There are 4 protein chains.
Amino acid sequence: MLPGVSNTRKPNPARRSERSRRAVLAAARELVSELGYAKVTIEAIAARAGVGKQTIYRWWPSKGAVIFDSFLALSEGGEGIRLPDTGDLEADLKTVMRATVAEFADPVFEAPLRALNTEIVGDPALAALYREKLAGPVDQAKKERLRSAQRAGQLAADADLDLVLEVLYAPLYQRWLHRSGPLTPEYADALVDITLRAFAP
Amino acid sequence: MLPGVSNTRKPNPARRSERSRRAVLAAARELVSELGYAKVTIEAIAARAGVGKQTIYRWWPSKGAVIFDSFLALSEGGEGIRLPDTGDLEADLKTVMRATVAEFADPVFEAPLRALNTEIVGDPALAALYREKLAGPVDQAKKERLRSAQRAGQLAADADLDLVLEVLYAPLYQRWLHRSGPLTPEYADALVDITLRAFAP
Amino acid sequence: MLPGVSNTRKPNPARRSERSRRAVLAAARELVSELGYAKVTIEAIAARAGVGKQTIYRWWPSKGAVIFDSFLALSEGGEGIRLPDTGDLEADLKTVMRATVAEFADPVFEAPLRALNTEIVGDPALAALYREKLAGPVDQAKKERLRSAQRAGQLAADADLDLVLEVLYAPLYQRWLHRSGPLTPEYADALVDITLRAFAP
Amino acid sequence: MLPGVSNTRKPNPARRSERSRRAVLAAARELVSELGYAKVTIEAIAARAGVGKQTIYRWWPSKGAVIFDSFLALSEGGEGIRLPDTGDLEADLKTVMRATVAEFADPVFEAPLRALNTEIVGDPALAALYREKLAGPVDQAKKERLRSAQRAGQLAADADLDLVLEVLYAPLYQRWLHRSGPLTPEYADALVDITLRAFAP
DNA sequence: TGTTAACCGAGACGGTACGTCTCGTCTTGGC
DNA sequence: GCCAAGACGAGACGTACCGTCTCGGTTAACA
C-alpha cells in the first residue's frame, strides 16, 4: 500500500446524500417506536430507508449512534431553550417539573427515551455525546433560571447548581427508569418543595 | 386448549440439577465481569459452565434472567442487612454513602451493576424482580435506620421515607449511570447534608 | 468400580418386557409408514409406544436395528415359503414376478421397503442381517423352484442359480429403487423371457 | 400473494462466488470420503470450505443436493463419453464391465457412491436429477455402442436397449449395494455372456 | 463537457449467536 | 432390576444480523 493511503476510507461529507441521511434517521425513529430499541437492527433500518447497509456504516459508527442521531434531529429545532421566569421560582419549577412528569408518561416519548438510556448506561462515548448534545443545553437553561433565583435571593447564593438539578431531577428520573413508584403532579411538587428547602438561602 | 395442557412442555423442578444451576450462575457472573453484559452470550455461558444450551433455555427465559439470577445468588447469603446505628444519623449516613460511592467505583462491581441496569431499563418484569429481591430488602434496612432517627427527633416525623431515600441516593445513582460527574466522598457527604436539611424536623 | 463390574450393563433378557417389545416394534412400523424412514426418531418411537427411551437403547443398538426388527416381526409368521410349481417354469415365474411388481407398487410396502434399502446401503452389518433373515429364505425358495426346473430340463443344468435370480430380479429392483422406468406386468414378463433365453439348456 | 412476489428471497446467481462454490463442493467430497454420507454435516462442510453456513443454504436446498452437486462437478469434465468400439461387442463389453467392477471395488469411489445411492433411494427429485445428469449421459454412450452392435448384426435388431443395459448392469449394481456376492472380473464376463445370449439376434 | 472518482442501492460474503431439535446417557421413583 | 419419565451434555439444525466486500448505476466536481 502506498504511504499515506489508508484502507479505512474516509468518506467526503460534502458528497453525502441528504436524502439518504434523512431517510435513515426517519426509519430509525419509526423502528424504535414500533419495536423498541433492542429489536431494531441496522438491516431493518437500511431496508425501511431504502438505503444500502454500507451507507449507514459509512456515516455512523454504531446502531446506538444512528438512533441517538435520530433523537438529536428531533430536538434540533428547539434551540435556545428558555425556562419560564415569572419571578416566582417555586411556581416556575413546579410548572417545569409537572411538564417533565407528563413527558415521561407520554407513550410517544417512553420507548425512545428508554432506548436512549439503555444504550447510554453501557457506552461512555454515547453518554458523553448525550450530556453534550441533549442534556447539556437543557441543563444550561435550567441553571440560568436558578441563577436568576439566586440573584433574587430565592436560593442560597453558594448553592452548587449541578447539585440542585440533581436533587430536583434524579429522584424523578430514577422512579421512571426503575418504575419504582408513581409519577404524579404531586410528586413533582414535592420534589420542588424539598429542593427549595434544602437549598434555601 | 384443555386446562393444564400446554404445548410448551414444562420441566419438573424437582428433577433439576443443582450442580448445573450453580455452574450456570457462576459462569454468568464471571463472563459479565470479564466481557460486560452486552458481549455475554448464552452459548458462552453454557460452554463455560459445561452445560448444554437446552439446560439454560429450560430453566431461564432470557439472558437477562440468567444474569439477574446470578446476582441474586450472590446477595442471597447476606440476609438481614442492618445499617449502623450509633445514634448520630449524619455520621451513620455518611458512612453508608461513602461506602456506596466506593462500591460504585470498584471495577468488580462496575460491570455487573451496569449490566443489571441496562437490562432493567427495558424489561418491566425484571425491574419488578429487581425491586422485590435486591433493592427492596436493602431499602427496608435503610428505612429502619431512618425510622430510628425519626424517633430520636433527628428527622421530620412525617417525612416520606421513600422520598428521603430517593433524594439521598438518586443523585448519586444518576451521576454514576450517566458518568455526569465525579463520585467522591465529599459528594457523598454533600448529599447527606442536603437531605438532612430538606427533611429536618 | 469393583473388579468384574462393567459400566456397560448387560441387561437380562429373561426379565425383558414382552409388552414393551411389541409396542416398540408396532410404533416403529407405524411411524415408518407415516413419516418415512429418515424422519422417524427414537424419541418418537418411544413416545408412541409409551415406553422409556432407555428401554429401546437397552435392547437395540440403533434406529436401523429397531426398524429392521419391526419388519422381521412382520414376515415372521410366513415361514416355509414355497413358490408355485405347476411344471411350467415360464408361467410360474411370470406369476411370481408379476406379484413382485404389484408389491413394489403397493404404497403400504413402498415406504418401509425404501427405508430398509436406505439403511442397508450404508450399514454392512444390517445388510448381512437382511440377507440372512429376509432375502435368504425367499431366495432359497426361489432356487428350489429353479432346481426343479433344471431337473425337468427347462433350465441349463449347470446354470448358477444365484446368477439366474440376479438376472431375473436385479433389473426390477434397480428400476424401482431409481424410479428409472415403469414397473408393469409386461416388464415382469419380459424379464422372465430374457432370463429363460439366457439360461436355456 | 401477488404473482412474482415471493417471501423466500431468491439470490442473484450472477453475483455468486465461484470460489465459494468450488470450496463447498471440494469440502463436501472430502468429508463424504472421510466420514461417510450420514456423518457429514452442513456445519462441517461450511467450516472445511471456509464459508459461511448461509452461503450453503443460499445456493443448495439440502445436504443431499450439495453432495450430489459435488459428484456432478467431478464428472463434469468428462463430457462426450464414448465406449470402445473395436467391432467385437463381447470384448468391448467385457472391457467396460471389468472396469466398472474395478471402480466399485475402489475405496475412493466406494463411500461417495454409497452416499449417493443412500440419498437417491428416498428422494425422488434427487433420483430424477441423478438419472438426468449422471446416469443418463453414460447410458446414452452405452446405448450408442449397442446400436452399433445391432447394425453389425451382433445383437437382436429389435432389442430394447434400456432392458439390455439393465440386464447387464443391474445384477452387478445389486451385488455391490447389498454386498451379496463377490465382484470379480469373471463375474463381469459372466454378465456379458448371459446378456449376449439373451439378446442374440 | 466529458472524465472520473465517490457515493449510492443492492446484496453476497465469512462469521457468530440465536433458539430448537434430537441424540444417546444418566437419574429418579414406582413396581 | 426393569420400567416410564424425563433432565442432562452435546452438538447440528436453519435463521437473523453482523460488518465487510463487490457490483453496476447515477451524480457532482474538475479538467
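Here is how names work: the chains are called A, B, and so on, in the same order as the sequence lines, proteins then strands, and each is numbered from 1. Here the structure is a predicted model, which means the values were calculated and not measured.
The distance between atom CZ of A/R48 and atom P of E/dG9, rounded to the nearest whole Å, is 16 Å. Separating the CG atom of B/N12 from the P atom of F/dA5 is a distance of 13 Å, rounded to the nearest angstrom. If you measure from atom CD of A/Q54 to atom P of E/dA12, you get 15 Å, rounded to the nearest angstrom. Here the C1' atom of nucleotide F/dA16 and the CD1 atom of A/I45 are 15 Å apart, to the nearest Å. Rounded to an integer number of Å, the gap from CZ of B/R19 to P of E/dC26 is 14 Å. Atom CD1 in A/I56 sits about 16 Å away from atom P in E/dC7, given to the nearest Å. Regarding A/Y57, its OH atom lies at a distance of 17 Å from the P atom of E/dG11, rounded to whole Å.
With F/dC13, E/dC23, E/dG9 as the choices, the nucleotide that has an atom nearest any side-chain atom of C/E43 turns out to be E/dC23. Residue D/R58 places its side chain closer to E/dA12 than to any other of E/dC21, E/dA12, F/dA7. Checking E/dC13, E/dG9, F/dC2 against every side-chain atom of D/T55, the shortest atom distance belongs to E/dC13.
When side chains are defined from C-beta on, A/W60 counts as touching A/L25, because their heavy atoms get closer than 4.5 Å. Residues B/R179 and A/Y130 have side chains not in contact (no heavy-atom distance under 4.5 Å, counting atoms from C-beta outward). Looking at heavy atoms from C-beta onward, C/D69 lies out of side-chain contact with C/V66 at the 4.5 angstrom threshold. Counting heavy atoms from C-beta outward, D/E119 and D/I67 have side chains that stay 4.5 Å or more apart.
At the phosphate of E/dA10, neither OP1 nor OP2 sits under 4.0 Å from any side-chain N or O atom of D/R15. Between C/S20 and F/dA4, a side-chain N or O to OP1/OP2 separation shorter than 4.0 Å is present. Side-chain N/O atoms of C/W59 include none lying less than 4.0 angstrom from OP1 or OP2 on F/dC2. Phosphate proximity of F/dA7 to B/S17: absent, as no side-chain N or O sits under 4.0 Å from OP1 or OP2.
Comparing A/G50 and D/P13 by the nucleotide of DNA chain E that holds the closest heavy atom to each, the one mapping nearer the 5' end is A/G50. Along DNA chain F, the nucleotide closest to A/P61 and the one closest to B/G52 are compared, and the more 5′ of them pairs with B/G52. Each of B/A46 and D/K63 has a nearest nucleotide on DNA chain F; the 5'-most of these lies closest to B/A46.
For C/K53 against E/dG24, a side-chain-to-base donor-acceptor contact under 3.5 Å is present.
Against DNA chain F, the stretch residues 23-42 of chain A makes heavy-atom approaches under 4.0 Å through A/T41, A/I42.
In this structure A/R29 satisfies the salt bridge (Lys or Arg N to Asp or Glu O under 4.0 Å) test with no other residue, sequence neighbours excluded. Under the salt bridge (Lys or Arg N to Asp or Glu O under 4.0 Å) criterion, C/E43 pairs with C/K53, sequence neighbours left out.
Residue B/I45 comes nearest to B/V24 through the heavy atom pair CG2-O, 3.8 Å, listed as atom of the first residue, atom of the second, then distance.
A cation-pi arrangement is absent between A/R15 and A/W59 under the rule of less than 6.0 angstrom and at most 45 degrees off the ring axis.
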